[in-house]
Participant: 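Supplied in structure tokens, the structure appears directly below.
Each chain gets a letter, A, B and so on, in the order the sequences are listed, and its residues count up from 1. Heavy atoms only: backbone and side chains are in, while hydrogens, waters and symmetry mates are out.
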Amino acid sequence: MFEEGKGELLSSCTADEIRDWNRNNKDRGLVDKMTTVRSAVEKYVKDGTYLAIGGFGHIRISMPLIYEIVRHRIKHLQISGHTAVHDLDVLIAGDCVDAVDVAYAFAYETRGLSRNGRRAVESGKIKCVEWTNASLSWRIKAAAMGLPFLPARNLLGSDTFRYSAAKEMECPFTGQKLVALPALMPDVSIIHVHYADKYGNCSIRGTTVKDDDLAKASKRVIVTAERIVPDTFFRNDPERTTIPYFCVDAVIEAPHGSHPGNMPHEYYFDEEHIRDYLKAGADDGSLKDYLDKWVYSVNDFDEYLDLVGTKKLNELRRLEELR
Amino acid sequence: MFEEGKGELLSSCTADEIRDWNRNNKDRGLVDKMTTVRSAVEKYVKDGTYLAIGGFGHIRISMPLIYEIVRHRIKHLQISGHTAVHDLDVLIAGDCVDAVDVAYAFAYETRGLSRNGRRAVESGKIKCVEWTNASLSWRIKAAAMGLPFLPARNLLGSDTFRYSAAKEMECPFTGQKLVALPALMPDVSIIHVHYADKYGNCSIRGTTVKDDDLAKASKRVIVTAERIVPDTFFRNDPERTTIPYFCVDAVIEAPHGSHPGNMPHEYYFDEEHIRDYLKAGADDGSLKDYLDKWVYSVNDFDEYLDLVGTKKLNELRRLEELR
Amino acid sequence: MTSYTSIELMATVASHQLEDGKIVGVGTGLPMIASLLAQKTHAPKLIIFFEAGSMAPQVPTLPISVGDSRCAHKAVAATGLAGIMETGQRGMIDYAFLGGAEVDMYGNINSTVIGGHDSPKVRLPGSGGANDFGSLSWRTIIIAMHNKAKLPERVSFITTPGYIDGPGAREEAGLPRGTGPFRVITNLALMGFDEETCRMKLISVHPGVTVDQVRENTGFDLIIPDDVTISPAPTDEELARLKDIDPDGIIIGK
Amino acid sequence: MTSYTSIELMATVASHQLEDGKIVGVGTGLPMIASLLAQKTHAPKLIIFFEAGSMAPQVPTLPISVGDSRCAHKAVAATGLAGIMETGQRGMIDYAFLGGAEVDMYGNINSTVIGGHDSPKVRLPGSGGANDFGSLSWRTIIIAMHNKAKLPERVSFITTPGYIDGPGAREEAGLPRGTGPFRVITNLALMGFDEETCRMKLISVHPGVTVDQVRENTGFDLIIPDDVTISPAPTDEELARLKDIDPDGIIIGK
């Protein structure tokens, strides 16, 4: 009677498993969590990790962590692709990805499709399970709420549903048909924010996309921040805390950390860089050259920013501020 | 097999009814919604209205609207009582209330029980359906999300459940037992906030309790605000918008609007006033005297504040600021 | 007579479909341009929602992404995907404004794959917020290119459901009642949907386009009523505003 | 020997039950006092949540309400009821710290009515956040007065479920596994729960109280093991901190 999607549930958990994880693994204390990109990736990101990335694919993404994952040649990642753009594409370029829960992926919005991403799917290298931006957000919200599922009214009547791992269900009160979305608890999420303190309290300016829920839903949360601030920044104005400290496992200071992506109120897209990257995506050879130059040949994100150059960084700030 | 609470569902709606109401009755435009307490109550609050009140019972409550409802001798209200304290008690004193969805009511926290509230229930005048603070919040959240219900893991195994209108259900993925909480769409909600613009955008400092969801869930929303600010207050910093304008139907400027309740960052409780009120609650006669003095004999909230006096108001500000 | 491109015409015709004072959930590309144009012409009080969380922004210059900082500029509220789509789920979003690689006669949209799902000929981006906006908003406006391949009888993959396979199918599937596709704007024509059959129906052909041309370029039996009109050409005012919105022709120039 | 009141003793014994570095969801009244005392003595890194939405505040002076501005003072985050209880639902709240008018041998709490629900002898406030904290937190600590009426065999109304009617009952009811009542602090004794039977069990009697007194004032067959100890009296340091917390004796003086 009730249909269900035939897509694979890439990451599953019961509500009691969510609770047990949180009881046993999340530190409640106000402890200093400052670390480095390298240590955080080595500690938390493994072959086969189910990874979710904060922001909106090319807006407010944590490029220091993404580059480090590529540099560490992590394999077989499964990715939550709620508007995945440059974040996912670089991981695919680095051959890190096996499967994607796709809401939006393999494309760059107004810039068109990504040849690199398409090639990986069309060659069968990457497995796709279909979702939508809202259904992935609600799956994450379910885990954040400690629930095994959330009901919703989208997805129904579509092939997106048929290639998802959702199920139909009935409302216990009204009898109406609803879609049930299974909770998603990523192994690791990486989130770039505007402000963080050393304990992990975070504040995001502009749209949150789903990062408040993502931080609550994930087993491990690594945060990179444009600026590290004292905890009084949050305690004096606790409404501005987007993510409370106890969700966060590691904090790294990373100014310009979303480059070449946009960081609201800080800097706009580096369109030249993205154009060159997309051009390199035409074939695996050019892509290897790109990665050699920007990822493998630099030791860390500071060296990467030196390659970008101060002039460009200043220009992107002016662009963001509409000057 | 699945149990259900035998309490009456005081206010019910299907998801499509929520949608139809919002389509047909909520203005999407940025229009000036400034009005007076009197006009707002006359327009929206009727005998039999299901009413929800923002804040936390004696913190950030809209006393101008509550007094006006009493002054208008509105009858047969049904109330959402998620930590209802002085807000509900004054409405009971004014003989406005027939039924309460109780999470917490008829009491004043550390100050003890309310004789007025107890009398009304123990005499059979007021009908009680049992809920909890979280389950009422989640019922409101369901309506705010456009869902006919939300699942949860509280309530189960209690008499609170048996005297509620919740049902047991099974998770479509894990088979585990959950409680299903029916959506609650109040007819009217009244919410006191720190800042509002004339369109209805609102910002709350301190805990939101459930007012962000409540504004989205309610058929009509009347807002009183400590301060009216230009819309640039929100547009320059859109993260601080607790309630977006399109949820709100009427906006009223009301400094000191939570008196004798607490307003975080503005003024603390007027304990003397509350003590006198609770003393008056000992019998109906004294309560009538209280209402005569503070509600029926004054024309509006400005006159009420004149009775309170500037000296007292200044004292409550100093108290709040720990000076 | 002022000269204009096919894309400019699609943008102006599309913008006309939006009502002033309503809320529209806007997808990336041409829908963005057409919504901004509506605000600068006949619908100054049109409220735009972008799926990443922005409500009623004052977009200062052409965005690259529906989630970038231009799309949240001077918004009245900055929320997230759930915040936007829950607002839609409770019936507050009047129009969904979407693009699609394929659109069929029931207004179903494919933006996921061409060819089989598991071994696709072309992998497209997927739903993004399209299925959400299209399922939860009251009326869906779709922009597509007009040829037999792009307007097939049946899309090969329903990313975003239209009327699925006919009258009552949306409600039966569990989608909110009273919702569905409203208009389709292509490079050749403006189309709506027949109330009785839920099938796509011609409303107007663009200037210089014949009904036969439209018929020949449609992959299904398009309903052609007697009262087909001619779409209005862009006015000088509209063309000037389009230049303001996209001075470098990033989308309009495509 | 320093003199102290019964309420002061309950506060200190209660505070000892809280572990440093854990999260506790705190109800109104004595639980508030005991949690603040724990922070000022053995558990400076104890994290307090208040149900109205405050996380990890630095409470500057005695609050009147768990939702007032003192309870949100210098918090790390200001959310709402759902924000707090969802954090509990996903297993992040270690202790619920509650009061109750009646507590029975399985740790079920009544704070709703004495007498029949629909024609009560005494109407009490109801659950508030107690059912939520008690259902969703890992361990529940309860403060109550000790006499046969307040500690009956079966509460007349289960506002907040303890072990309901014995082993496995919570899990069978659908409540999160591994949760339940942990300690009961009264004016006479400190009690826990027997792991096998889930029934209330004496841990220590307060100074000057005999086991017989406890037994006589309990409305059910309390498990009395051989190793019953004597609760430690409040230290001078603890009494001084209690005075700091509640200088006017608003709660402590009751």
Participant: Against chain A, work out which of B:T208, B:L147, B:T242 has the most heavy-atom pairs shorter than 4.5 Å and name it.
Facilitator: B:L147
Participant: Give me the ring orientation class for B:H256 and B:Y267: parallel if the planes are under 30° apart, tilted from 30 to 60°, perpendicular past 60°.
Facilitator: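 The rings of B:H256 and B:Y267 sit tilted, inter-plane angle from 30° to 60°.
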Participant: For A:P238, is it the side chain, the backbone, both, or neither that has a heavy atom closer than 4.5 Å to a heavy atom of chain B?
Facilitator: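 Neither part, no heavy atoms under 4.5 Å.
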Participant: Measure the NE2-OG distance between B:H194 and B:S203 for me, rounded to the nearest 0.5 Å.
Facilitator: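 One gets 8.5 Å once the value is rounded to the nearest 0.5 Å.
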Participant: Where does B:I204 contact chain A at under 4.5 Å (heavy atoms): side chain, backbone, both or neither?
Facilitator: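 The answer is the backbone of B:I204.
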Participant: Rounded to the nearest 0.5 Å, what separation is found between the CD1 atom of A:I79 and the OG1 atom of A:T49?
Facilitator: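 Between A:I79 CD1 and A:T49 OG1, I get 9.5 Å after rounding to 0.5 Å.
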Participant: Answer with side chain, backbone, both or neither: which region of B:T14 has an atom nearer than 4.5 Å to a non-hydrogen atom of chain A?
Facilitator: both
Participant: Can you say whether B:P172 sits under 4.5 Å from chain A via the side chain, the backbone, both, or neither, judging by heavy atoms?
Facilitator: both
Participant: Test side-chain hydrogen bond (donor to acceptor under 3.5 Å, both in side chains) on B:D101 and B:Q78; report intermediate values, then the result.
Facilitator: CA-CA 8 Å; B:D101 275 327; B:Q78 307 192 94; over 6 Å; no
Participant: How are the rings of B:F149 and A:F173 set to each other: parallel, tilted or perpendicular (split at 30° and 60°)?
Facilitator: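 It falls in the tilted class, 30° to 60°.
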Participant: Given the rule in the side-chain hydrogen bond (donor to acceptor under 3.5 Å, both in side chains) test, do A:T83 and A:N133 qualify, once you have shown the distances and angles that lead to the verdict?
Facilitator: CA-CA 7 Å; A:T83 299; A:N133 272 339; 2.9 Å; yes
Participant: What part of B:A165 lies closer than 4.5 angstrom to a heavy atom of chain A: side chain, backbone, both or neither?
Facilitator: backbone
Participant: Select, from B:C171, B:P182, B:A142, the one with the greatest count of heavy-atom pairs under 4.5 Å involving chain A.
Facilitator: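 Option with the top pair count is B:P182.
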Participant: Tell me which of these, A:L178, A:L9, A:T207, has more heavy-atom pairs under 4.5 Å with chain B than the rest.
Facilitator: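 Maximum pair count with chain B is reached by A:L178.
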Participant: Counting only non-hydrogen atoms closer than 4.5 Å, does B:A166 touch chain A with its backbone (N, CA, C, O), its side chain (CB onward), both, or neither?
Facilitator: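 For B:A166, backbone heavy atoms alone lie under 4.5 Å from chain A.
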Participant: Considering the options A:Y195, A:F233, A:F234, which one meets the side chain to side chain contact (heavy atoms under 4.5 Å, CB included) requirement together with A:N201?
Facilitator: A:F234
Participant: Do you know which of A:E4, A:M145, A:E168, A:R240 has the most heavy-atom pairs under 4.5 Å to chain B?
Facilitator: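 Greatest number of close heavy-atom pairs with chain B: A:M145.
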